[in-house]
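We name chains A, B, ... by the order of the sequence lines, and we start the count at 1 in each one. No hydrogens, no waters, no symmetry mates; every other heavy atom, side chains included, goes into these values. Every value quoted in this text rests on a predicted model; they were computed, and no experiment measured them.
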Amino acid sequence: MAAAGPGAPTVPGPRRRSAGVAAVAGGAIVLALVVGSAAIGPVAIPSGTVLAILAHEATGGAWPGGACPGVGSSSQCAIWVEIVWDARVPALLLALVAGGALGLSGATLQGVFRNPLADPYLLGLSSGAALGASALYTFGWFAASRAVVLPAAAFLGGLVPGTIVVLAARSGRRSPETLLLTGVALNALFASILASFLLYNPAGNIPLSFWLLGGLGDASWTHDALVASVLLVGGAVLVGRGAELNLLQLGPDVARSLGVDARALTRLLILAATLLTAGAVAFTGVVGFVGLVAPHIVRRTLGVDYRRVLPFAALTGGIFLLVAWDIAQVVVPDVVIPVGIPTAFAGALFFLYLLQRRDRSGALRGDAT
Amino acid sequence: MTDPIVALDGATVRYGARAALARVSVEIRRGELLALAGPNGSGKSTLLRAAAGLETVSEGSIRVDGEALAALPLDGRARRIAWMPQDEPEGDDVPVVDYVGYGRHPYRAVEGAANTGAGGPVQTALRTVEMEDAAARSVRALSGGERQRVRLARVLAQETPVLFLDEPTAHLDIGHQLTALAALARLAHAGDRAVVVALHDLNLAARFSDRIVVLSRGRVVAEGRPAEVLSPELLRTVWGVDAELKRDPRTGLPFLLPRTPSVGPVPPREPAAATRPVHVVGGGGSAQGLLTGLVDRGVAVTAGVLPLFDGDTLVAEELHVPTVVELPFAPISEESRTNLRRLLGASVAIVVAPFPVGPSNLANLTELLPVASERPVILVDHPPGAGWDFVDGRAEATWRELVDRGARVVPDAATAVSLSAELARGEPTSPSAPSRGKTLSAPPPPNGPVEGA
């Protein structure tokens, strides 16, 4: 074993990889995915043109050579610009920020509940938020300022299951099963109310599949900005909480003896996770399992330290949802399936795999090597 | 004497209606290792939790350096008081050095990330618990004892003037129990720290602590230097355990030798004047359960006639039961018969084990015939189908004759023990044969005779 010399930093553990390298790699992946994803869609646009449109629009028209070099028809070019810049890019940015919010929310919930299977979807937070948001449509409330009020309504809707799971986790035997079964029940309950809302919905202006299975087709720059600001607010609350989450894993009493008010921290973090979930769900509907998968990928690659898990779960969640969005657009020719289908397909299989990882004591464990 | 660094004054902690800690006043001073002792549920952990600020004190107060504990901010508390629970969740799979570094959290405002370098508090703490080589290992890969030491290191890394440790030697082998407590004692005796440990092992407490506080049912029942506090009387009243108090010849420190039921050496126990003994007849190892059962209940016991080297004889010897002993396979001599008659005459009841009867020991049964009408004779039934009469039916005839004269047959040794123990105490015997349930709900530990200490 390599002993630390005087003043030397300590021996790096087997799972301590450089966070800096991971951040650069993650950023490169995001950039490549954004460019690549912009070329994906029902309308075939030459990839060179897509690149030029991206460069032209991102630089505010300063890019030499114009948006569509070599394309004769300016009306054709205008349509392509509109498709790429006003439909595709907002959708893929929405995937990034909403996935980031869900990944961060999942990591937070897993830390608070000390349960590697916690996830905003599995705990019922997402369907609660969807119920809150869809109520606006169903009852025609705030039709004028809908986009802004939507996250607030989703947040209020998410607070109901948020409060219930906190109480469920606090009372009695806090086994992983109790928490998950509470989530299952809440999910079923909210989904049934949601379904009756949408069937009753006289205007019929929002499809059931959007709320239940998620979608990015309704994306716009405004929506992106709203979700991004929710992600920023949630992220700001969580900055510096990673170390406290680490201590919380030793139990609320030990955390308290080390100077962390576990109760207040739990309340704050549940609020943050609910807000993040609501921000995503309000504009994407219920997209499951992002918050489950993203933190696990981070733990596998960068270790369990929440100071790293939190930011990288956001990054990984964004990448995960963006990849899912690409798959949703190409898996069936000429059809864009709801983005929640690929995430649920991958996530549910991963969930089953995690359930197989019970150790001898019967505890559920998802972060093992 | 210096001012106490932590002072509990009439502190009461309630869980619902139950007071887990009832008006407890304890002063903790720098430079001392204070041991908390007491049976399970006596309030040791609650006292530590309350003093660490983890329980709400409903009455009384807890002060740290004169300031009310409840008024201290959590960060400030964590820089003054460290607490280690008996158990904690398994937690995440982090390297040992990170885990111990958690102890530096209260200092993050000044230190930033925990200083895990050589000479820093984390490495120093790891060295104290002899785990410096494990710094890069994962905490989940540690054995129970290693894990306990790493937890101790986490608390030491907190560098607080007060340490509250709940069973710090749990899961440790004897060697590491000693090194851990020695390290804690050194830490305390260096002068500026107070270490409070809840310990189940009274001998460790006696050896390492400067002061012992004994709790029972949430109250302080004894307090003082180990030599003053630890006594057989205290063990009997608080733990319900009979023990002998010895002194380490080299250190002069007291240590207690509990009389674990049915094991270990026990001082000679004369039949008490207050209660007459129960006489046990057996042989061939058939009476071991009876002997240990009765002795455990604090009943005075005599035995015989038993052959030398017989299993029953060895047990009787170990339990210091006065026994009439005869040479093996030799017929019971006249002298032994006289001694047996003397013991039978002095007994309050006679219990007969299901022993095999041969020509040499038939007298053990026939000698009972004259006394069977005078005093209770309890016959433990032979297991069905077992041959035990090796004297052509004479033993069975004597057995029947004893029953005719009023002897009672019971199904097993446990019933015989509870029945004869009741007789020895002069308690009324229920008219029906005592059930097994009665045996299980036996009276609390012996308040019978204890001498010799």
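Among all heavy-atom pairs drawn from B:D87 and B:H171, the shortest one is OD1-NE2, 4.3 Å. In this structure, B:V139 and B:R147 approach most closely via the heavy-atom pair O-NH1, 3.9 Å.
Side-chain N or O atoms of B:Q148 include one that pairs as donor or acceptor with a backbone N or O of B:E167 at under 3.5 Å. Although no hydrogens or angles enter the test, the distance criterion places a donor-acceptor pair under 3.5 Å between the side chain of B:R149 and the main chain of B:V129. At distances below 3.5 Å, not a single donor-acceptor pair connects side-chain atoms of B:K44 with backbone N or O atoms of B:L199.
For B:Y99, the part lying near chain A is the side chain, with the backbone staying farther off; criterion is any non-hydrogen pair under 4.5 Å. Looking at B:R154, the atoms closer than 4.5 Å to chain A (heavy atoms on both sides) all sit in the side chain, from C-beta outward. Contact annotation for B:P106: both backbone and side-chain heavy atoms come within less than 4.5 Å of a heavy atom of chain A.
Contact check on B:E27 versus B:R29 returns a salt bridge, with a Lys/Arg side-chain nitrogen under 4.0 Å from an Asp/Glu carboxylate oxygen. Of the charged side-chain nitrogens involved, none lies within less than 4.0 Å of a carboxylate oxygen, so that B:E159 and B:R79 do not count as a salt-bridged pair.
With chain A as partner, the option from B:E88, B:Q158, B:H105 having the largest number of non-hydrogen pairs under 4.5 angstrom is B:H105. Contact count against chain B (heavy-atom pairs under 4.5 Å) is highest for A:V254 among A:V260, A:V254, A:D261.
Close approach to chain B, defined as a heavy atom under 4.5 Å from one of its heavy atoms, is seen in no residue of residues 263-277 of chain A.
Relative to the ring axis of B:Y15, B:R18 does not place its NZ or CZ within 45° and under 6.0 Å from the centre.
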